[in-house]
Structures are given as C-alpha cells and as structure tokens.
S.K.: 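This is the structure, below, for whatever I ask next.
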Amino acid sequence: MEAPPEAFYEALLAWYARNAPDLPWRRARDPYQVWLAEVMLQQTQVATVLPYYERFLSAFPTVQALAEAPLERVLKLWEGLGYYSRARNLHRAAQRLVAEHGGVLPQSAEALRKLAGVGRYTAGAIASIAFGQPAAAVDGNVMRVLARLYDYAVPVQSGEGRRALWQLAERMAQAAPRGAAAAYTQALMDLGREICTPRAPRCEACPVSAFCRARAAGTQAARPVKQPKPPTPHYAVAAALLRDDSGALLMARRPLEGLLGGLWEFPQGRAREDEPLEAALKRALREKLALEIGVGAQLLKVQHAFTHFKIALHVYACQLQGGEPRALGYADWAWIALEASDQLAISRADRRVIAFLKENSARLL
DNA sequence: AACTCGGGGGA
DNA sequence: TCCCCAGAGTT
C-alpha cells in the first residue's frame, strides 16, 4: 500500500483547519502536557478525559511537580479513569526524567519509547504533535481510517494487519507536508472520531471520501475486519464491613501490580466455583489479612463490569472474632472513618458501597 | 501471539 | 446489551 497523493493531505488538513475542536492539550506548547493527554487518552474517550486532564494539570503543572508527588496523590487524581498502571508508569517516568534528563522530554519517538507507559503509538503521537516530527501514530481511530481508505480485509488485530497498517502509516507520515506533522496526526484521529466512525460512518461529510477504496467498493461498514470476542465471565465477590470502637471501617490497599493496583477497598475475595459467599469471605480475610471474622447480614450488592469480566460484589456486615490485621495479600490496611475515605483512591465498585453507607449511615448505626 | 488491565459513551 | 475508545506491558 502506497501513500496517497498530495491532494489527500491538502483535503484532510483543510478539513482539520476548519473543524478541529478546541481541546486543552492542543493549546499546549509544553510537551509534558501533550504527554499527559496522550496517556490519559489511551483507551479512553476525549469527553471522559477532559475533567481529569484539567484537575491533574492543576495539581501537577510540571514534570518536576509530578515527580515529587507521592504515588497516592497521583492515584487519587486518576481515580475513576481506569487502567491505573498508566498513573503508576507516568509517575515513574517523571521521576526518571527528572533524575536523568533534567525533567525534559526527549524529542525522538525512539527515545520517548523508552519511557514507562509510552508505547509505539504514544511515542509517535508526542514526537509528531509536540515536536513536529514525521512520526506515525496508529490508534484505534487511525487503524479504522486506514483500513477503509485501502479497503484492507486482513483482521487489524492480527500480526499481519498491524504490521501492514503501521508500515502504511509510517509512509503516510513521511509523505505529509513539511511542517504539518502535528496537524496531520491529529487530523487523522479527528477524522476517525467524528466522520469515519465505527458504525454508520458519515462518508457524505468526509473530506477524503474521493480517496477511499472502501467507499468506492461499498464495504466501509465491513472495515476494519475484527476477530470475534469470547463471552465475558461473571464472578461473585464478597466484601466485609468491619468497624472498630470509633466506628471506622477496615480498608485494605491492593498490591501495586495487577488489577486496580494500589487502590483501597473493603477487604474482599472472589468465591470459587460452588463456594458459598460467606465461606469465601472468611477465607479471603484469613488469607489476605490473617483475620477470623463472623459474617452477618448482607447489606447490599453492587454490579460492576470490567473489560473482560463482570462481578457481583456482595457486601456483608461482619464482626472481628480473632487476630490482628496483617497485610498478607494486601499492600497495606487501615481503619478509615467514612468521611476520611474521600482522601483515598478507591475503585468504582467500592465507591458505590461508600455512597450507600453515607446514605444509610443513620439507619445502620 | 495471547493475555491482562477500567470505565464510560453511544447506539 | 454490545462495541469501542488517542494502548502498554507481560508472558
């Protein structure tokens, strides 16, 4: 697949000049701000990112400020945005940048790629948007746009599909007009988000429809080709509410790696197949916190969907029967007053439990 | 190459 | 309900 003619770039860039939405990170001349935006935008829609971006940048206006902050504060500002390894990697990369490069980002995609949390896409995006280099940046939007432009029938998630589209994107970035790298990269992504949408693409409004082979063949709805996805499993999880004499609740911090790493939650565990929830809860508290508990009434059930599975979180009022908490399967634990939980980074499901407790505190106490 | 890792927007 | 989103890291 060869790069399109000059007229393609002219049409695309003219459309972008007229239609580019005024996003905060596009006003930014600071590469750190571009970096932050690109990381937040990984697998996350623009509308979702906007408030997080503003809050985060206010709290940490520079690489130095981010590097000096405790990870807990960074995670708190990331709470609800998901994929928390992004926050941990961003923090780690900022600390390395300050320690080894004076807090200044490198300009080449190759050097950027070495930063924690910066992969091929993000490196190309920063290099082109912040530094004006002719680097390719292939995200989900661009993948879709290119597959349609070239009526590409190989599944885009396959190795062959990714290789071919990245190679095409590199050629296209090289062939883009000098000095237009930043506009070109963002124009392609905007086109995918606003015109070349996953379902019902608006071909009649597309500035480059004349160059689109899928449009010509009428196959745009069938591009890109995706592989079928397996069904998502459903798990039952039980959580314990334990109070100390002052009414504070026992909470625990998840290990820094893995799902929801570093976030706080009510002590909980997944039930094995055919395992009663009460038994699973007793086992979880014993294995993760070295506690023996009595399990009382179930207070509520919270449904929560992750990307690859769903859980039903059953929350029980419990009593401490023996032992002193030890963080065996957790990174830490603490007795937390309900109001003080606002200061912690907590996952969505457990936030809903807290909201329930606040609403019903009078009845429950 | 396959698997893991959140949460929400929009149809 | 389902698909998808400015993907990266690990195995």
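Per chain, numbering begins at 1; letters A, B, ... match sequence-line order.
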S.K.: Check the distance between C:dC3's P and A:Asn141's CG and give it to me in whole angstrom.
M.R.: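 The distance from CG of A:Asn141 to P of C:dC3 comes to 18 Å, rounded to the nearest Å.
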S.K.: Across the strands shown, which category fits A:Arg26 at heavy-atom distances under 4.0 angstrom: base, sugar-phosphate, nothing?
M.R.: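 Base, at least one base heavy atom under 4.0 Å.
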S.K.: Walk me through it: do A:Glu275 and A:Arg283 pass the test salt bridge (Lys or Arg N to Asp or Glu O under 4.0 Å)?
M.R.: CA-CA 10 Å; A:Glu275 183 182 27; A:Arg283 182 172 57 78; 2.9 Å; yes
S.K.: Contact class for A:Val49 (heavy atom, under 4.0 Å): base, sugar-phosphate, or nothing?
M.R.: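 The answer is nothing, as A:Val49 stays clear of every strand by at least 4.0 Å.
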S.K.: Determine whether A:Phe56 and A:Trp78 satisfy the following criterion, ring pair (Phe, Tyr, Trp, His ring centres under 6.0 Å), listing intermediate values before the conclusion.
M.R.: CA-CA 8 Å; A:Phe56 199 97; A:Trp78 210 272; 5.7 Å; yes
S.K.: Students often get this wrong, so: under 4.0 angstrom with heavy atoms, is A:Thr122 touching a base, only sugar-phosphate, or nothing?
M.R.: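 Sugar-phosphate contact only - A:Thr122 comes under 4.0 Å of backbone atoms but never of a base.
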S.K.: Say we look at C:dT11 and B:dG6: how far apart would their P atoms be, to the nearest angstrom?
M.R.: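 It comes out at 16 Å once rounded to the nearest Å.
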S.K.: Within this structure, what is the CD-to-C1' distance between A:Glu257 and C:dT10, rounded to whole angstrom?
M.R.: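 Rounded to the whole Å, the gap is 12 Å.
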S.K.: Within 45° of the six-membered ring axis of A:Tyr83 and under 6.0 Å from that ring's centre, is NZ or CZ of A:Arg86 located there?
M.R.: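 No.
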S.K.: Considering heavy-atom distances to DNA chain C, does A:Arg92 or A:Pro198 have its closest nucleotide positioned more toward the 5' end?
M.R.: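 Nearer the 5' end of the strand: A:Pro198.
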S.K.: Between P on C:dA6 and CD1 on A:Ile126, what's the gap in Å once rounded to a whole number?
M.R.: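 Taking CD1 of A:Ile126 and P of C:dA6, I get 17 Å after rounding.
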S.K.: May I ask you to establish whether A:Arg253 and A:Tyr330 are in a cation-pi arrangement, using a distance under 6.0 Å from NZ or CZ to the six-membered ring centre and at most 45° from the ring axis?
M.R.: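 No - A:Arg253 does not lie over the ring of A:Tyr330 by the 6.0 Å and 45° rule.
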S.K.: Check the distance between C:dA8's C1' and A:Leu112's CG and give it to me in whole angstrom.
M.R.: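 The answer, rounded to whole Å, is 15 Å.
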S.K.: Can you name the ring pair (Phe, Tyr, Trp, His ring centres under 6.0 Å) partners of A:Trp25, sequence neighbours left out?
M.R.: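 With neighbours one apart ignored, the set is A:Tyr53.
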S.K.: If you assign A:Leu115 and A:Leu23 each to the DNA chain C nucleotide with the nearest heavy atom, which residue ends up on the more 5' nucleotide?
M.R.: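 Closest to the 5' end, via its nearest nucleotide, is A:Leu23.
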S.K.: How about A:Phe306 and A:His304: are their ring centroids closer than 6.0 Å?
M.R.: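 Under 6.0 Å, so yes.
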S.K.: Taking protein heavy atoms under 4.0 Å as touching, what does nucleotides 4-11 of chain B look like 5' to 3' if B marks base contact, S marks sugar-phosphate-only contact and - marks none?
M.R.: BBBBBSB-
S.K.: What does A:Ala116 touch in the nucleic acid at a heavy-atom separation under 4.0 angstrom: a base, only the sugar-phosphate, or nothing?
M.R.: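 Sugar-phosphate contact only - A:Ala116 comes under 4.0 Å of backbone atoms but never of a base.
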S.K.: Between A:Arg120 and A:Asp139, does any NZ, NE, NH1 or NH2 come within less than 4.0 Å of an OD or OE carboxylate oxygen?
M.R.: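 Answer for the salt bridge query: no.
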S.K.: Closer than 4.0 Å, any side-chain N/O of A:Arg120 to the OP1 or OP2 of C:dG9?
M.R.: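 Checking C:dG9 against A:Arg120, no side-chain N or O comes under 4.0 Å of OP1 or OP2.
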S.K.: Taking only the C1' atom of each, what is the distance from B:dG7 to C:dT10 in whole angstrom?
M.R.: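 Taking atom C1' in both B:dG7 and C:dT10, they lie 22 Å apart.
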S.K.: Taking the basic N atoms (NZ, or NE/NH1/NH2) and the acidic carboxylate oxygens, is any pair closer than 4.0 Å for A:Glu359 and A:Arg352?
M.R.: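 Not counted as a salt bridge, because no side-chain N and carboxylate O are separated by less than 4.0 Å.
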S.K.: Atom CG of A:Leu165 and atom P of C:dG7: how far apart are they, to the nearest Å?
M.R.: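 Going from CG in A:Leu165 over to P in C:dG7 covers 15 Å.
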S.K.: Under a cut-off of 3.5 Å for both distances of each Watson-Crick or G-U pair, what dot-bracket string does DNA chain B give, using [ ] for crossing pairs and | for inter-strand pairs?
M.R.: |||||.|||||
S.K.: Does A:Trp25 reach a base, just sugar-phosphate, or nothing at all? Heavy atoms under 4.0 Å.
M.R.: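 Base contact.
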S.K.: Roughly how many Å apart are C:dA6 and B:dT4, using the P atom of each and rounding to a whole number?
M.R.: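 Roughly 24 Å separates the two P atoms.
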S.K.: What is the distance from NZ of A:Lys229 to C1' of B:dC3, rounded to the nearest Å?
M.R.: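 Value for this atom pair: 14 Å.
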S.K.: So, taking the atom named CG in A:Leu191 and the one named CZ in A:Arg148, what distance separates them when rounded to the nearest 0.5 Å?
M.R.: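 So the CG of A:Leu191 and the CZ of A:Arg148 are separated by 10.0 Å.
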S.K.: Give the rounded distance in Å between these two atoms: NE2 of A:His234 and C1' of C:dT1.
M.R.: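 Atom NE2 in A:His234 sits about 13 Å away from atom C1' in C:dT1.
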S.K.: A:Gln157 has an atom CD; how far is it from atom C1' of C:dG7, in whole Å?
M.R.: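 In whole Å, C:dG7 C1' lies 13 Å from A:Gln157 CD.
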S.K.: Among the nucleotides C:dA6, C:dC3, C:dG9, which one has an atom lying closest to any side-chain atom of A:Val46?
M.R.: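 Of C:dA6, C:dC3, C:dG9, C:dA6 is nearest to the side chain of A:Val46.
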S.K.: Should A:Arg351 and A:Glu79 count as an ion pair when the cut-off is N to O under 4.0 Å?
M.R.: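 Counted as a salt bridge, because a side-chain N and a carboxylate O are separated by less than 4.0 Å.
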